[in-house]
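Taking it in order: structure first as structure tokens, then the write-up.
Here is how names work: the chains are called A, B, and so on, in the same order as the sequence lines, proteins then strands, and each is numbered from 1. Not measured: the values here are computed from a predicted model.
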Amino acid sequence: MIKAVRGTRDLLPPETALWNFVEATVREVFRAYNFQEIRTPIFEETQLFARGVGEETDIVSKEMYTWEDRGRAASEKGQSLTLRPENTAGVVRAYIEHKLGDRGLNKLYYIGPQFRRERPQKGRYRQFYQIGAEVIGPASSGSDKPVRDAEILEMLATLLDRLGIRNWNLEINSVGNAQERVAFNDALRKALEPVAASMCADCQRRATTNPLRVLDCKVPEDQPIIEKLPRITDYLQEESTRHFADVRALLESAGVPFQVNPRLVRGLDYYTRTAFEFTHGALGAQNAILGGGRYDGLSEALGGPPAPGIGFAMGEDRLVLALQEQTPNIVKAPDAYIAPMGAGTNQAAIGLAKALRQAGLVIDLGDESFRLKKSFETASKLGARFILIVGENEVRSGEFALKNLATGEQTTVPRAELAAKLQAS
RNA sequence: GUGGGAGUAGCUCAACCGGCAGAGCACCGGACUGUGGCUCCGGAUGUUGCGGGUUCGAUUCCCGUCUCCCACCCCA
């Protein structure tokens, strides 16, 4: 038997209804903040991710689906292509390519699949879905202002509330600009040298490979050491410090609860200044539901004009998982099940079904060969509110037997009044 | 990529020391030929993930492999 490949999966009803609910809510909320949708290709030149996300990140160095495309001529070497591992690089590429800044398109959102070749785990798949938004534009558009950061965070808090996600937690930090990050990294490396040997095995390795990750260590014995390590906030210059302070003040004005987490670091190279993460308790080790931050130098890194920006990516798989644990299914049951009965009654039934559907009702239809008992069983199983019997008697008289399956009440209704009757009750 | 656990009917899971592969739910038919849910009777479930090995005999023991789950690395 051929099965879905490792790390991919089929989304089946009724779960798909939850996905549609999430996406519809996202579109509605984002629209209120004047974001518009962008759809970028699912694969891009490998170089885009190498330069945009960072050569040294795990994503680029070992988690991408990359292949060499066929050259146009037999002698020509094909270009290296990659299934997108995230969507920000693609959006910024499109921003540059179509000069979106000049067209005033500064607020964009996307919903779609991304691909990373990781070991699958709950809430972590090789084809996974992300919802994200980016505010990007020339500095003159205000895209570098603290109010943009606060506005996006407030939008996310509103979205999670609207989705009915309870117990989310927002942590923010500032990781500084490019120069400040380098200075902090050096200081951290130096501070770790004498103490690393007394830390856990993971930290000993991180101390040289990725000092920022040491701050993320959860081993209790290491905490006293980590407390004494330099903090990023000590390495922020006046401008970054003020930016961060402004963001915090604006969040308070907007009524968005948050915690400053000086240890919050982000994995992708392009992040600057504000970094944030929303977490949710019920997701195990994969507790981050969305994360993001500012990326003021990304456009230049990709050969574009200066265009400060801020954005986030939300794991839709995990969002749905969190919702499933707290909400029952939301599929709307059919309003009526139509049961034709007797040779030729299908003809009347299909026309009737069409008319009722056009009136906005959800209608399912049986077949004239079914015994009435089977039709009742099916209607009950589907959870239909009513069963409408289209037998030979009904077709002849133009009046139909309509039974409320919950109350058992049955009435005879003329064809012209069926839609109104079903809508009213 | 690393470590551990698990894969048996559509679903949830049993099967003792290696001896005919089972139950509940769901499904189909009937009791009831124009009235569901409840009840009763009957029925079909299957490459025991896949491939190999040991054995008279393997769901069971061994090896390999695939997938899922948990954790690590990393990250949304």
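- If you check every strand for non-hydrogen atoms under 4.0 Å, A:Leu290 touches sugar and phosphate atoms only.
- Looking at heavy-atom distances under 4.0 Å, A:Gly408 makes contact with a base.
- Taking side-chain N and O atoms only, A:Arg371 has no distance below 4.0 Å to OP1 or OP2 of B:U33.
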> Going through the checks in order, is the side-chain hydrogen bond (donor to acceptor under 3.5 Å, both in side chains) test met by A:Ser174 and A:Thr274?
Replying inline: CA-CA 4 Å; A:Ser174 176; A:Thr274 310; 5.8 Å; no
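- What separates CG of A:Leu12 from C1' of B:G10 is a distance of 12 Å, to the nearest Å.
- Side-chain polar atoms of A:Asn177 and A:Thr272 form no donor-acceptor pair below 3.5 angstrom.
- Nearest to the side chain of A:Tyr125, among B:C74, B:G34, B:C69, sits B:C69.
- Atom CG in A:Leu382 sits roughly 15 Å away from atom P in B:G37 (whole-Å rounding).
- Judged purely by distance below 3.5 Å, without hydrogens or angles, the side chains of A:Gln259 and A:Asn169 pair a donor atom with an acceptor atom.
- The nucleotide whose nearest atom lies closest to any side-chain atom of A:Pro120 is, among B:C68, B:A76, B:C32, B:C68.
- A:Ser380 contributes no side-chain N or O that forms a donor-acceptor pair with the base of B:G37 under 3.5 Å.
- Salt bridge status for A:Glu63 with A:Arg126: absent, with no side-chain N to carboxylate O gap under 4.0 Å.
- Side-chain N/O atoms of A:Arg124 and base N/O atoms of B:C74 include a donor-acceptor pair closer than 3.5 Å.
- Between A:Lys381 and B:C27 there is a side-chain polar atom (N or O) within less than 4.0 angstrom of OP1 or OP2.
- Heavy-atom distances to RNA chain B give each of A:Arg117 and A:Glu316 a nearest nucleotide, and the one nearer the 5′ end belongs to A:Arg117.
- Regarding contacts with the backbone of B:A71, a side-chain N or O of A:Gln121 is found under 4.0 angstrom from either OP1 or OP2.
- Taking atom CD1 of residue A:Ile387 and atom P of nucleotide B:G36, one finds them 10 Å apart after rounding to whole Å.
- Taking atom P on both B:U55 and B:C73, the two are 46 Å apart, rounded to the nearest angstrom.
- Rounded to whole Å, the distance from NZ on A:Lys373 to P on B:C32 is 11 Å.
- The listed nucleotides are B:G36, B:G3, B:G34; the one nearest the side chain of A:Arg119 is B:G3.
- Look at B:A76: it lacks any Watson-Crick or wobble partner with both distances under 3.5 angstrom.
- One atom, CD of A:Glu118, and another, P of B:C75, lie 10 Å apart when rounded to the nearest Å.
- Taking atom C1' on both B:A71 and B:U59, the two are 29 Å apart, rounded to the nearest angstrom.
- For B:U59, there is no paired nucleotide, since no Watson-Crick or G-U wobble pair has both relevant distances below 3.5 Å.
- Taking every side-chain heavy atom of A:Ala288 into account, B:A76 is the closest of B:C69, B:U35, B:A76.
- Distance A:Leu405 CG to B:G37 P: 11 Å, rounded to the nearest Å.
- Taking the C1' atoms as reference points, B:G10 lies 27 Å from B:A31, given to the whole Å.
- The base of B:G34 sits with one of its N or O atoms less than 3.5 Å from a complementary donor or acceptor on the side chain of A:Glu394.
- Two residues, A:Ala384 and A:Lys62, neighbour RNA chain B, and the one matched to the more 5' nucleotide by heavy-atom proximity is A:Ala384.
- Within the 4.0 angstrom heavy-atom criterion, only backbone atoms of the sugar-phosphate kind lie near A:Gly7; the bases stay farther away.
- When distances run from any side-chain atom of A:Gln410 to the nucleotides B:U35, B:C68, B:C74, the shortest one goes to B:U35.
- Neither OP1 nor OP2 of B:C27 sits under 4.0 Å from any side-chain N or O of A:Lys374.
- Side chain of A:Tyr271, nearest nucleotide from B:G37, B:G34, B:A76: B:A76.
- Checking B:U67 for Watson-Crick or G-U wobble geometry (two distances, each under 3.5 Å) identifies B:A6 as its partner.
- The gap from the P atom of B:A21 to that of B:U60 amounts to 13 Å, rounded to the nearest Å.
- Between the CZ atom of A:Arg6 and the P atom of B:G7 there is a distance of 18 Å, rounded to whole Å.
- Both distances falling under 3.5 Å, in either a Watson-Crick or a G-U wobble arrangement, occur for no nucleotide opposite B:A14.
- B:C16 sits 16 Å from B:C61 when the C1' atoms are compared, rounded to a whole Å.
- For a distance-only test at 3.5 Å, the side chain of A:Lys403 qualifies as a donor-acceptor partner of the base of B:U35.
- Counting to the nearest Å, the C1' atom of B:U65 and the NZ atom of A:Lys3 are 11 Å from each other.
- Side-chain atoms of A:Gln47 and A:Ser80 form no donor-acceptor pair, as typed in the model, at a separation below 3.5 Å.
- Taking atom C1' in both B:U2 and B:A76, the straight-line distance is 22 Å, to the nearest Å.
- Inspection of the A:Asn106 and A:Ser143 side chains reveals no N or O donor paired with an N or O acceptor under 3.5 Å.
- If you check every strand for non-hydrogen atoms under 4.0 Å, A:Met341 touches a base.
- At most 12 heavy atoms of other shown residues, nucleotides or ligands fall within 6.0 angstrom of atom CZ in A:Arg231.
- The partner of B:C28 is B:G42, by the rule that a Watson-Crick or G-U pair needs both atom distances under 3.5 Å.
- Ring geometry for A:Phe35 against A:Phe30 counts as tilted: the plane angle lies between 30° and 60°, on a 0 to 90° scale.
- Taking the P atoms as reference points, B:U45 lies 10 Å from B:G22, given to the whole Å.
- Residue A:Asn393 is in base contact, counting any heavy-atom pair closer than 4.0 Å across all strands shown.
- Seen from the ring of A:Phe370, A:Lys374 counts as a face-on cation partner, given the 6.0 Å and 45° thresholds.
- Within the nucleic acid shown, A:Phe312 has no heavy atom closer than 4.0 Å to any nucleic acid atom.
- Distance noted for atom C1' between B:A9 and B:A15: 14 Å (whole Å).
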